[in-house]
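Written out below as structure tokens is the structure these notes cover.
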Protein chains: 2
Amino acid sequence: MSRKYRSDAMAAIHEMMEDLHDGGVIDKKTMRRFDHACLTPVRPLKPKEIKAIREREHVSQSVFANYLNVTSSLVSKWERGEKRPSGPSLKLLSLVEKNGLAVVS
Amino acid sequence: MSRKYRSDAMAAIHEMMEDLHDGGVIDKKTMRRFDHACLTPVRPLKPKEIKAIREREHVSQSVFANYLNVTSSLVSKWERGEKRPSGPSLKLLSLVEKNGLAVVS
DNA sequence: TGAATTGTGGCACTGAGTGCTATAGAATAG
DNA sequence: CTATTCTATAGCACTCAGTGCCACAATTCA
């Protein structure tokens with residue numbers, strides 16, 4: 001419950017910030033700083049970490065790949081260190097790591 | 001509220017399915033079919049659609065890029081049709097389109 | 001037994017994504 | 001008013017992520 005509460009609170013704060021921004025109370029610069037500070041940090045993930053995330057979710061590479069909209073071939077390569085996820089892929093993996101597979105359903 | 005309720009319900013159902021799977025009640029094949037049917041469909045997005053999504057969230061290309069963990073340069077190219085998002089990027093954009101920027105915070 | 005799933009492995013290819021720079025207009029600060 | 005910052009577009013070169021294909025062995029299920 002605490003996790004859900006936290007994200008709901010964040011969503012509420014965000015909405016408030018957006019309203020303030022729409023009303024011209026705060027500028028985009030402030031908005032930008034705020035957003036940047038709020039984002040879930042995205043750190044590079046090691047092959048074993050990726051495999052650990054997937055196994056914690058009790059899914060095969062194939063199912064995992066479907067959730068992330070990538071090929072199962074790629075998931076295999078991530079976990080063996082043949083390819084390293086970057087940019088959008090890292091973001092998705094970080095989201096799953098923090099919030100579980102449900103957030104990308 | 002209805003949106004939150006829906007995702008919570010889905011999360012609960014998923015947990016139940018996982019428990020069933022752990023208990024050996026259902027097999028991985030069934031799990032796979034279930035997951036595939038549950039996923040948010042990811043359709044290719046047109047440049048204008050991407051721009052519409054971002055503007056609906058009241059953020060600049062730069063802020064939007066930070067959320068998705070890509071460069072602002074790339075967001076610009078998406079919106080002008082110079083590059084087309086694919087795989088993980090499309091998944092992220094679809095998530096934002098359906099659930100708002102909060103889900104990738 | 002036969003059929004399907006899972007994971008590894010390899011190979012070639014395309015283009016997504018990065019990084020840099022420059023530009024111009026709009027907004028903000030001082 | 002001026003100086004600075006943010007905004008978005010634009011171009012260019014480059015790397016390697018991601019795709020698609022195949023084959024293989026081990027496992028699981030009908």
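Basis for what follows: all heavy atoms, side chains included, without hydrogens, waters or symmetry-related copies. Convention: sequence-line order gives letters A, B, ...; per-chain numbering from 1.
Along DNA chain D, the nucleotide nearest to B:Ser86 and the one nearest to B:Lys83 differ in position, and the one closer to the 5' end is contacted by B:Lys83. If you find the closest nucleotide of DNA chain C to B:Pro88 and to B:Ser73, the one lying nearer the 5' end belongs to B:Pro88.
Two residues are said to be in side-chain contact when any heavy atoms from C-beta on lie closer than 4.5 Å; B:Val103 and B:Tyr67 fail this criterion.
Residue A:Trp78 has its side chain nearest to D:dG18 when only D:dG18, C:dT18, C:dG17 are considered. In the set C:dG17, C:dC20, D:dG18, C:dG17 carries the atom at the smallest distance from any side-chain atom of B:Pro85. Closest contact between the side chain of B:Lys77 and the listed nucleotides C:dG19, C:dG7, C:dT8 involves C:dG19. Of the listed nucleotides (C:dG17, D:dA10, D:dT19), D:dT19 has the atom at the smallest distance from the side chain of A:Leu74.
Nucleotide D:dT7 holds its P atom 14 Å from the NZ atom of B:Lys51, rounded to whole Å. If you take CD of A:Gln61 and P of C:dT6, they are 10 Å apart, rounded to a whole angstrom.
Note: A:Ile50 CD1 to A:Arg84 CZ = 10.5 Å, rounded to the nearest 0.5 Å.
Between A:Glu49 and A:Arg43 a salt bridge is recorded (basic side-chain N to carboxylate O distance below 4.0 Å).
Checking side-chain atoms of A:Asn69 against main-chain N and O of B:Pro88 turns up no donor-acceptor pair under 3.5 Å.
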